[in-house]
J.: 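Quick one: the structure is below, and I'll ask about it shortly.
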Number of protein chains: 2
Amino acid sequence: MIQLNSADLTCPFTTAQKVLSGKWSLMIIFHLKEGPVRFNDLLRKFDGLTHSSLTKQLKQLESFQVIHREVYHQVPPKVEYSLTDLGKKLHPTLDMLTEWGSEYIKNCKGIAR
Amino acid sequence: MIQLNSADLTCPFTTAQKVLSGKWSLMIIFHLKEGPVRFNDLLRKFDGLTHSSLTKQLKQLESFQVIHREVYHQVPPKVEYSLTDLGKKLHPTLDMLTEWGSEYIKNCKGIAR
DNA sequence: CTGAATCCGAATAGATACTG
DNA sequence: CAGTATCTATTCGGATTCAG
């Protein structure tokens, strides 16, 4: 698993790059914007994302303290994921990224193969 | 090398994630903000970035049409890298990311090991 | 000065099977 | 329902060497 060491915390970009590096990280964070979501609900939102990959990504993001994991001790088990304050602060950046991504898509039909 | 296929261009996040995924991408783009930079000048700016890794990253970013490669046919060779319009549009997002990264660093001394 | 080619180790993503 | 454990294939970054 990716770890942030103290050397990384010298550079804002290294920090951001590591935190957002997972293939699904951006989308997971985006889908938690509206509030807590359960594991399987999250899983169903993404096409091509597998059970175990989601588990790993969530643990990763949790270790970065970007998302919070709330366990309800009941049967059947229930676990909800939500954004931490740190995670919520990513909203405006995510919105800009989305905008840029859309712009990119509009302008770059020629890039895809 | 990472490629954007037409399926990717369906989702702004996938697009953004792929384009910015390289370990040095964010920093390279950031350092091109002020204008064109030569290969070796760029190389010297980063500690731990090797010659061949930089070559690959630049080709990658060029393929995404985020940076432009200008070759001056002279001896010794001179090549300058600069941001394309698409790349320039990343500025505000990068600035927000920097801000977030700094915020993260301030709040999360406890995360590093 | 700039960059291509190759090779290697580490890190991912995903498939599958098993558990409380 | 929400995991864990293990295995595999692929990718990625970096070192090294060679070339225009």
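To find a chain, count down the sequence lines: A is the first, B the second, and so on, and within it residues start at 1.
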J.: Name the first nucleotide and the last nucleotide along DNA chain D (5' to 3') that come under 4.0 Å of a heavy atom in chain A.
T.: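 The contact span of chain A on DNA chain D goes from dC1(D) to dA5(D).
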J.: Any chance CD of Glu103(A) has more than 12 other-residue heavy atoms, nucleotides or ligands included, within less than 6.0 Å?
T.: yes
J.: Any chance you could measure Leu20(B), atom CG, to Thr15(B), atom OG1, to the nearest 0.5 Å?
T.: 10.0 Å
J.: In residues 75-83 of chain B, which ones come under 4.0 Å of DNA chain C, going by heavy atoms?
T.: Pro76(B), Pro77(B), Val79(B), Tyr81(B)
J.: Mind running a 4.0 Å heavy-atom check of residues 21-42 of chain B against DNA chain D and sending the residues that fall below it, in number order?
T.: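 Of all residues in residues 21-42 of chain B, the ones placing a heavy atom under 4.0 Å from DNA chain D are Gly22(B), Lys23(B), Trp24(B).
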J.: Check DNA chain C against residues 44-55 of chain B and give the residues with a non-hydrogen atom under 4.0 Å, in numerical order.
T.: His51(B), Ser52(B), Thr55(B)
J.: Over all heavy atoms of both residues, which pair between Phe64(A) and Lys18(A) is shortest? Give the atoms and the distance, please.
T.: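 Reported closest heavy-atom pair: CE1-O, 3.6 Å.
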J.: Identify the heavy atoms of Ser21(A) and Gln17(B) that sit nearest to each other, and give their distance.
T.: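 Heavy atoms only, the tightest pair is O-NE2, 2.9 Å.
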J.: Heavy atoms of chain A, cut-off under 4.0 Å: which first and last nucleotide of DNA chain C, 5' to 3', fall inside that, if you could look?
T.: dT12(C) to dG20(C)
J.: What distance do Leu90(B) atom CG and Phe30(B) atom CZ have between them, rounded to the nearest 0.5 Å?
T.: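 So the gap between those two atoms works out to 13.0 Å.
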J.: Grab the two heavy atoms, one from Val79(B) and one from Arg69(B), that are nearest each other, plus how far apart they are.
T.: CG1-CG, 3.7 Å
J.: So Leu61(B) and Lys56(B), do their side chains get closer than 4.5 Å, heavy atoms only?
T.: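 Lys56(B) vs Leu61(B): side chains apart.
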J.: Please table the atom pairs, donor to acceptor, closer than 3.5 Å between any side-chain atom in residues 35-49 of chain A and protein atoms at least two apart or in another chain.
T.:
| residue | atom | partner | partner atom | Å |
| --- | --- | --- | --- | --- |
| Arg38(A) | NH2 | Pro77(A) | O | 3.4 |
| Asp41(A) | OD1 | Arg44(A) | NH2 | 2.9 |

J.: Ignoring hydrogens and geometry beyond distance, is a side-chain donor-acceptor pair present between Thr55(B) and Ser52(B) at under 3.5 Å?
T.: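 Side chains of Thr55(B) and Ser52(B): no pair found under 3.5 Å.
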J.: Would you name the heavy atoms of Asp95(A) and Lys33(A) that are closest together and state the gap between them?
T.: OD1-NZ, 3.0 Å
J.: Nearest-nucleotide wise, let me know which of Val71(A) and Lys56(A) is further upstream toward the 5' end of DNA chain D.
T.: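 Looking at the nearest nucleotide for each, Val71(A) comes out on the 5' side.
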J.: For Pro12(A), run the side-chain contact (heavy atoms from CB on, under 4.5 Å) check against Thr98(B), Leu26(B), Leu94(B), Leu97(B) and tell me which one passes.
T.: Thr98(B)
J.: Would you say the side-chain atoms of Gln57(B) and Ser25(B) include a donor-acceptor pair closer than 3.5 Å?
T.: yes
